[in-house]
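For clarity, every value in this text was computed on a predicted model and none was experimentally measured.
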Amino acid sequence: MRAAAISMPRLDKLPGMFFSANPKDAKEPNHSLVDDKTQKKKPKTFGMDVKAYLRSMIPHLESGMRSSKSKEILSAEEVIQWSQSLEKLLANQTGQSVFGNFLKSEFSEENIEFWLACEDYKKTESDLLSSKAENIYKAFVHSDAVKQINIDFRTRESTAKKIKAPTPTSFDEAQKVIYTLMEKDSYPRFLKSNIYLNLLNDLQASSLK
């Protein structure tokens with residue numbers, strides 16, 4: 001029996017350090033084409049920082065299943081295990097990408113992005129906790145967050161207080177809320193989706209050749 005080769009996201013691009021965009025990189029507007037009075041205001045540096053942070057944090061969700069230098073053999077049996085629990089799905093790197101693509105199709109990819117950011121945050125060295133906590137909070141938790149997650153007001157306020165003196169568990173409460181949301185809402189639909197079923201069918205068909 002042969003297993004189908006599935007491209008894995010590059011290991012050197014896993015969630016890691018947060019990066020700030022340099023506002024100097026923004027190009028100056030072309031005055032010969034647009035009148036000064038009608039020009040839109042330049043985006044705030046913070047907005048640029050968050051976008052750069054999101055891009056650097058989860059590049060494998062952006063690339064999905066596209067080919068890369070890092071490859072791994074994925075079997076039908078392994079994909080079947082994803083249906084046993086959300087925990088087993090998220091424990092698999094390719095599973096994260098496939099589920100992430102499904103959430104993106106439902107416009108709720110911020111959930112897995114936040115979950116992954118929290119997992120990365122827990123492994124952060126103490127001297128970097130403060131900066132990472134602030135980035136995650138501004139990107140996902142703040143009321144004006146670029147990719148605001150769906151959590152209740154009490155959890156949002158509690159998280160805001162915790163990051164003032166950040167610890168590796170500062171986002172645990174909010175992460176649990178989002179995990180439960182994915183588990184009860186998105187995960188069951190994922191198992192019935194074409195994204196999951198087609199992948200499983202293709203792998204099963206390949207194993208019979």
Side-chain angles (χ1 to χ4, degrees), residues 8-27 42-64 68-70 72 86-97 99-101 103-104 108-183:
M8 282 289 295
R10 292 181 57 177
L11 295 179
D12 61 345
K13 290 189 177 181
L14 291 177
M17 296 295 293
F18 303 105
F19 302 94
S20 296
N22 188 337
K24 293 182 180 179
D25 293 338
K27 295 183 179 179
K42 293 181 181 179
K44 295 181 179 180
T45 303
F46 161 69
M48 297 170 66
D49 288 344
V50 171
K51 290 180 180 179
Y53 149 63
L54 290 173
R55 286 197 301 269
S56 66
M57 186 181 67
I58 45 167
H60 61 288
L61 289 182
E62 293 297 327
S63 60
S68 66
K69 295 180 180 179
S70 177
E72 184 176 286
L86 178 60
E87 181 180 3
K88 288 191 176 182
L89 171 63
L90 295 179
N92 183 279
Q93 190 74 52
T94 304
Q96 292 174 12
S97 292
F99 187 50
N101 283 333
L103 292 181
K104 194 169 185 177
S108 60
E109 66 269 24
E110 70 276 1
N111 291 329
I112 191 170
E113 291 179 9
F114 174 69
W115 187 87
L116 287 170
C118 291
E119 288 297 290
D120 173 64
Y121 174 78
K122 294 174 184 178
K123 306 170 187 176
T124 303
E125 296 180 5
S126 58
D127 59 329
L128 298 176
L129 281 177
S130 182
S131 61
K132 278 197 174 185
E134 184 178 357
N135 275 321
I136 293 174
Y137 177 78
K138 288 182 178 179
F140 299 104
V141 183
H142 192 275
S143 58
D144 294 326
V146 175
K147 294 200 171 186
Q148 184 185 120
I149 52 174
N150 185 17
I151 57 177
D152 58 274
F153 178 79
R154 187 193 65 78
T155 302
R156 199 178 304 277
E157 290 297 299
S158 174
T159 303
K161 293 178 181 178
K162 290 177 182 177
I163 68 166
K164 292 180 179 179
T167 68
T169 61
S170 294
F171 292 98
D172 281 9
E173 184 180 7
Q175 185 184 22
K176 184 177 180 180
V177 172
I178 293 304
Y179 181 91
T180 301
L181 179 63
M182 292 192 294
E183 185 177 41

Considering non-hydrogen atoms only, spot the tightest contact between [X] and [Y] and give its length.
X	Y	value
A160	Y137	CB-OH, 3.5 Å
E109	K104	OE1-CA, 3.5 Å
T159	A174	OG1-CB, 3.8 Å
S170	I163	CB-CG2, 4.4 Å
K138	E134	NZ-OE2, 2.8 Å
I136	A117	CD1-O, 3.7 Å

With [X], which residues qualify under side chain to side chain contact (heavy atoms under 4.5 Å, CB included), at least two apart?
X	answer
E183	L86, Y179
S158	K162, E173
N150	L181

Nearest-0.5 Å distance that lies between atom [atom1] in [X] and atom [atom2] in [Y]:
X	Y	atom1	atom2	answer
L129	T124	CG	OG1	6.0 Å
K123	K132	NZ	NZ	9.5 Å
I149	F114	CD1	CZ	4.0 Å
S130	K164	OG	NZ	12.5 Å

Report task. Mind running side chain to side chain contact (heavy atoms under 4.5 Å, CB included) on E113 and F140 for me, showing each step along the way? Result -> CA-CA 9 Å; E113 291 179 9; F140 299 104; 3.8 Å; yes

Requested in this report: Not counting sequence neighbours, which residues clear side chain to side chain donor-acceptor pair (under 3.5 Å) with K176? List them please.
Outcome: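 Testing K176 for side chain to side chain donor-acceptor pair (under 3.5 Å), a comparison that skips the adjacent residues, returns none.
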
Requested in this report: Taking side chain to side chain donor-acceptor pair (under 3.5 Å) as the test, write out the residues that go with E157, two or more places apart.
Outcome: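 E157 satisfies side chain to side chain donor-acceptor pair (under 3.5 Å) with no residue once adjacent residues are dropped.
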
Is the side chain of [X] donor-acceptor paired with the backbone N or O of [Y] at a distance under 3.5 Å, no angle test?
X	Y	value
Q96	L90	yes
Y121	T167	yes
D120	L116	no

Query raised in the report: Got a sec, which pairs hit ring-ring contact (aromatic ring centres under 6.0 Å, His included) with one end in residues 144-170, sequence neighbours left out?
Result: none

Query raised in the report: Given D172 and K122, is the side chain to side chain contact (heavy atoms under 4.5 Å, CB included) satisfied, shown in steps?
Result: CA-CA 9 Å; D172 281 9; K122 294 174 184 178; 3.3 Å; yes

Report task. Determine, step by step, whether L103 and M182 satisfy the side chain to side chain contact (heavy atoms under 4.5 Å, CB included) criterion, reporting the C-alpha distance in whole Å, the side-chain angles of both residues, the deciding distance to 0.1 Å, and the verdict. Result -> CA-CA 9 Å; L103 292 181; M182 292 192 294; 4.1 Å; yes

